[in-house]
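Just below is one structure, and these are the notes that go with it.
Just so you know, these numbers come straight off a predicted model, no measurement behind them.
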Amino acid sequence: MTFPANLPAQLAGLLPTLVGVVLLLAVVVTVLRGYRTQHPFAPALALLRGTLQLAAISLILSGIINDPLWVGVGLLVMFAAAVGTVTRRIGFNRRHLVRVAAAMGLGVVVTLTIVFTTGAIEFSPRYVLAIGGIIIGNAMSIATLSGRRFTEAVGDHWDEVEGWLALGATPGQSTRELARQAVYFAIIPSTDQTKTTGLVTLPGAFVGALFGGASPLEAGRFQIVVLAGILCAGSIAAVTLLHLVAPVRQKPVPAA
């Protein structure tokens, strides 16, 4: 594991960024406190946590970016953290942990296999880490949204679910429509992001590729693959997760 020789100079150059971020957070806290919203410091604390985590991973990645073994370890750590986050959001227990891991693992593996075996993106440690991290993170978000929405929907429509069970439907059949709706709504943010790419927003992968020296055409190609991968992994993860979780036998208690 090796680090860039100019790392101290790179760190010193972050001072303007630090000043800008602090000012932005000051505005956030001022606006939220002025409007007396709940937990006005939550966004600032979230960014602080994210900054510390990103700083740590940035230093680590500087030393492992071209090492296949360490890239694999890094992706496993990301995946484990994502699985833990989703499981905690939908109700932490061992059974849910296994099901979330299976659902997300299937979505991520299928997506990355297609991306790299077709040659859509060059198969190298650098790109495996970049694409893998993006896919894992977005699959986590979609799985969380689908799981949470499904849990809440079953609680809200428990009389209906119980009625289906009383008529002889299986637990899976009694919640199938609720599961389908949960998947649909969980995919909406990613679908909207895809539809508005280049019109409303310039996504991070596209901008990052441009800053990295890629041509606009190459950056656009990279971003399209990323968007397709997010939709693929998210769809598989959400559908698989709710297929595994959907058999409900008693009224669920939504996670806090």
Side-chain angles (χ1 to χ4, degrees), residues 39 41-61 63-65 69-113 115 125 128-155 175 179 182-183 185-190 193 204-205 226 229-248 250 252-256:
H39 310 296
F41 291 99
L45 294 176
L47 185 60
L48 176 60
R49 174 177 171 175
T51 299
L52 295 176
Q53 293 171 174
L54 191 58
I57 197 63
S58 296
L59 290 174
I60 294 172
L61 291 182
I64 73 170
I65 192 68
L69 176 61
W70 284 107
V71 165
V73 172
L75 287 175
L76 285 176
V77 172
M78 294 179 192
F79 181 78
V83 169
T85 299
V86 176
T87 307
R88 188 167 59 251
R89 290 297 185 186
I90 68 174
F92 192 91
N93 60 56
R94 184 177 299 177
R95 182 175 297 178
H96 279 172
L97 183 66
V98 172
R99 291 171 174 175
V100 169
M104 286 191 57
L106 180 62
V108 171
V109 168
V110 169
T111 300
L112 295 183
T113 298
V115 166
V128 170
L129 183 64
I131 296 291
I134 294 172
I135 297 301
I136 290 172
N138 283 274
M140 176 190 72
S141 299
I142 294 173
T144 299
L145 288 174
S146 62
R148 288 284 293 179
R149 189 171 186 92
F150 173 73
T151 302
E152 293 168 357
V154 171
T175 57
V183 171
F185 282 107
I187 295 292
I188 284 179
S190 296
Q193 179 188 24
V226 167
I230 289 171
L231 293 173
C232 178
S235 299
I236 294 173
V239 170
T240 304
L241 176 61
L242 295 195
H243 177 74
L244 296 174
V245 172
V248 176
Q250 59 184 5
V253 178

inquiry  = Consider side chain to side chain contact (heavy atoms under 4.5 Å, CB included). Of Leu242, Leu241, Ile142, Leu145, which one does Val183 pass it with?
reply    = Leu242

inquiry  = Quick one: does any side-chain atom of Arg148 pair with a main-chain N or O of Arg89 as donor and acceptor, under 3.5 Å?
reply    = yes

key: Pairwise distance CZ(Arg99) to NE2(His243) - rounded to 0.5 angstrom   = 10.0 Å

query = Just how far is it from atom CZ of Arg95 to atom OG1 of Thr87, taken to the nearest 0.5 Å?
reply = 13.5 Å

task = List in chain and number order the residues that pass side-chain hydrogen bond (donor to acceptor under 3.5 Å, both in side chains) with Gln193, two or more places apart in sequence or in another chain; answer none if no residue qualifies.
result = none

query = So, Thr111 side chain and Ala233 main chain: donor-acceptor pair closer than 3.5 Å or not?
reply = yes

note = When rounded to the nearest 0.5 Å, the distance separating CG of Leu52 from CG of Leu48 is 4.5 Å

request  = Could you grab the distance from atom CD1 of Ile134 to atom CE of Met78, nearest 0.5 Å is fine?
outcome  = 10.0 Å

task = Starting from the C-alpha separation in whole Å, work towards a yes-or-no answer on side-chain contact (heavy atoms from CB on, under 4.5 Å) for Phe150 and Val245.
result = CA-CA 9 Å; Phe150 173 73; Val245 172; 4.2 Å; yes

request  = Applying side-chain hydrogen bond (donor to acceptor under 3.5 Å, both in side chains), name anything that partners Arg94, two or more places apart in sequence or on another chain.
outcome  = none

Closest non-hydrogen atom pair, Leu231 against Ser190 = CD2-CB, 3.8 Å

ask   = If you round to the nearest 0.5 Å, how far is OG of Ser235 from CD1 of Ile230?
value = 11.0 Å

query = If you round to the nearest 0.5 Å, how far is OG1 of Thr51 from CG of Leu47?
reply = 4.0 Å

message = Tell me which one of Val86, Ile90, Val83 satisfies side chain to side chain contact (heavy atoms under 4.5 Å, CB included) with His96.
response = Ile90

note = Scanning both residues in full, the closest heavy-atom pair of Ala143 with Met104 reads CB-CG, 4.4 Å

